[in-house]
Amino acid sequence: MADTQAITELSKRRGFFFLSSDAYGGVAGFYTFGPQGAALKANVESAWRDRYTVKEGNREIEAPTIMPEPVFEASGHLDGFNDMLVECASCGESHRADHLVEDVTDIEDAEALPNSEVADLIADHDIHCPNCGEPLAGQAVENFNLMFSTDIGPGGDQPGYLRPETAQGIFVEFPRLKEYARNQLPFGVTQIGRAYRNEISPRKGLVRVREFTQAELEQFIDPEEDEPNLDAVADVEVRLYSAEEQNKDDGGYLETTIGEAVEAGVIANEWVAYYLGISQEWYERIGVDMDRFRFRQHLAGERAHYASDCWDAESELGGDWVEIAGFAYRGDYDLSKHGEYGDDDFTVFKQYDEPKTVERAVVDPDMSTLGPEFGGAAADIADALRDLAARDPDAFDGDEVTVDADGETYTVSTEVADFRVEEQTESGEHITPHVVEPSFGVGRTVYTVLEHAYREDEVAGEERTYLALEPEVAPTYVGVFPLVGNDERLTDLATELVRDVREAGLSAEYDDSGNIGRRYRRKDEIGTPFCVTVDRDGVESEGETTVTVRERDTTAQIRLPVDALVDELTAVREGRKTFDDLLDSYERVDADTAEA
RNA sequence: GCGCCGAUGGUCCAAUGGUAGGACAGUGGCUUCCCAAGCCACCGGUCCGGGUUCGAUUCCCGGUCGGCGCACCA
């Protein structure tokens, strides 16, 4: 069982991740991925890109991390990302001021009130500190916004924020993105990038940090027509922790399939169900221990108001369940907000199968009459007439019609209004697409992969530590060693092989220091799946030159011709073969015999 | 943000009011034909700032960072 300390220590020592800016005392919530960690993270991102961008036929973009204030007014982060804190003068405890007020009043959304008013309410209702019982009256209510703010350009008159999620970078560019998709729904846009939250209390290493990487997919759909390919994931087995089960005293997991869960209505939304299925398989692929993994449904209270169904992927880390991805059906919330605040069109024109002919009441006011008669009010009157025609065509039945404009009532002859009923052909309508959002925390995923891969065992009576990383994500794929360092035939060939392996696009490290066992252990600790060793038996043998390949988890070895080495290693890396296949094809080497 | 505890080579630990010692790791050499072996040598450290003191890594205060608890996690 991997404890957090052991992994933190290994990560520091072997270069997976460590606290940033340590030379200057460090700063909480910021981590640097070292050489192994950066490679591991890059491999996880590649695997994500392969699954959620390439295999889904989506497109990836890269938006700036800083965006101007109006973006976050529209997204709701400027208001909604604030916490109101009040500190107790007696015991120093900080509390959510809005929550305290909501508890003792019938105000439901105290967060919407100005701070001074909340402070007054605390005084008026004589609210006491929940911790020590002393009165909180007179204490200032302070805002704490979780977004990092900055100034764009000189002068400081254009405030900007570091994005608290990568998603907004996709939503704000929707008007162009829909053009690239040729206005055809459904389409998906992905982004892998940094996001920033000025967390009050970063904790637990990589799990809660202030700067982190997200991988997000925004799937834009027509809610009335588009359906996911559920057949592709219907048989995928998942462990679900539904809201209903969470509310029971003895609630447990539903071990079921995606198909059954949709059938039973446990997963309300088919798109969400589809991505849970895809993700179950993806997590397994990158080496997450599926016995320490579950999908947990949000309880009604923790769901954002716009999300109709929301599930988290959670992994067990150090005994706690940690959210590593969220799957939300966001409806049209994001796009309609940006449509409301932004200048561009956040809808898609949807053509009907066949054009519809509709009868529509229209007016075509004669401005040459209205203008002279009503002066500056004429334009408003014309607008009011159009509204009225759409709302109440019967109003035009008589000779005259009255409308209100600018607070006054005007009477216009129906002839001047030129009321008539027209047949119009409509070829389609503008709709606001709905959004399905699978959103992944990359750092937490990387940490999960590390912790779930951590193993301790014994080899030849000696303890060893190793990382059972999947070949696809292992930061260093292969180690290449001369069995001894003082024989040029061995060192020369090993040096040559490292070049060959790298040339094939596989990350490789050469090592001739100390004895062979030490070098194997070094590679075990960074999760290198294979070690190639050049020995005298191999270079002295009649005929072809051979080398040994050792597999990390079992320490089993095979001997194969150097000419086959790169091809076989590539095949395993790409998932076309396993080491077991190689065991069947090549001579097995018994390390114990060789030792004797 | 608050409370408690802590901070010594790359890592893990020891010691001390008079500038620090070990283990492991690392580097160079010897040895070594398959799993952290052996021998020699080397590299490398008291979190930051202030105070007390002739002298502070040690005592005191503040800060930073970490662990745990509380709060927070749209």
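Base pairing of U64(B) is made with A7(B), judged by Watson-Crick or G-U wobble geometry with both donor-acceptor distances under 3.5 Å. Pairing partner, G69(B): C2(B), with both Watson-Crick or wobble hydrogen-bond distances short of 3.5 Å. In this structure U53(B) sits in no base pair that meets the Watson-Crick or G-U test at under 3.5 Å. Across every strand in view, A74(B) sits unpaired, with no contact that passes the Watson-Crick or G-U test at under 3.5 angstrom. Nucleotide U27(B): paired with A41(B) (Watson-Crick or G-U wobble, both distances less than 3.5 Å). Applying the Watson-Crick and G-U wobble criteria (two distances, each under 3.5 Å), U19(B) pairs with nothing in any strand. The base-pairing partner of U58(B), taking Watson-Crick or G-U wobble contacts with both distances under 3.5 Å, does not exist among the strands shown.
Minimum atom distance to the side chain of Arg14(A) is reached by A36(B), of the listed C12(B), C35(B), A36(B). Minimum atom distance to the side chain of Tyr31(A) is reached by G66(B), of the listed G66(B), C72(B), C35(B). Considering only side-chain atoms of Asn515(A), the nucleotide from G66(B), C12(B), A36(B) that sits closest is A36(B). Counting only heavy atoms from C-beta on, Leu19(A) has its side chain closest to C65(B) among A36(B), C65(B), A74(B). The listed nucleotides are U31(B), C35(B), C73(B); the one nearest the side chain of Asn486(A) is U31(B). Looking at the side chain of Arg13(A), the nearest of the listed nucleotides U11(B), G66(B), C35(B) is U11(B). Closest to the side chain of Ser513(A), from the set U27(B), U11(B), G66(B), is U27(B). Of the listed nucleotides (A36(B), C12(B), U32(B)), C12(B) has the atom at the smallest distance from the side chain of Glu9(A). The side chain of Arg518(A) sits closest to A37(B) out of C12(B), C35(B), A37(B).
With hydrogens and angles left out, the side-chain atoms of Gln297(A) and Tyr241(A) include no donor and acceptor closer than 3.5 Å.
Using bins of under 30°, 30° to 60° and over 60° for the plane-to-plane angle, the ring pair Phe72(A)/Tyr161(A) lands in the perpendicular bin.
A ring-centre distance under 6.0 Å is found for Tyr283(A) and Phe293(A).
Straight-line distance from the CG atom of Asp512(A) to the P atom of U31(B): 14 Å, rounded to whole Å. Rounded to whole Å, atom P of A25(B) lies 12 Å from atom CZ of Arg521(A). Taking atom CG of residue Asp537(A) and atom C1' of nucleotide U32(B), one finds them 15 Å apart after rounding to whole Å. Per the geometry, CG belonging to Asp487(A) stands 12 Å off P belonging to U31(B), to the nearest Å. Atom-to-atom, CZ of Arg197(A) to P of C73(B) comes out at 12 Å; the value is rounded to the nearest Å. In this structure, Glu456(A) places its CD atom 17 Å from C1' of C35(B), rounding to the nearest Å.
The separation of G69(B) from G10(B), taken at their P atoms, amounts to 30 Å, rounded to a whole angstrom.
For U19(B), the base is syn relative to its sugar; the glycosidic angle is within 90° of 0.
The residue from Val566(A), Val572(A), Val532(A) that alone fulfils the side chain to side chain contact (heavy atoms under 4.5 Å, CB included) condition with Val478(A) is Val532(A).
The shortest side-chain heavy-atom distance between Ser279(A) and Phe327(A) falls under the 4.5 Å cut-off.
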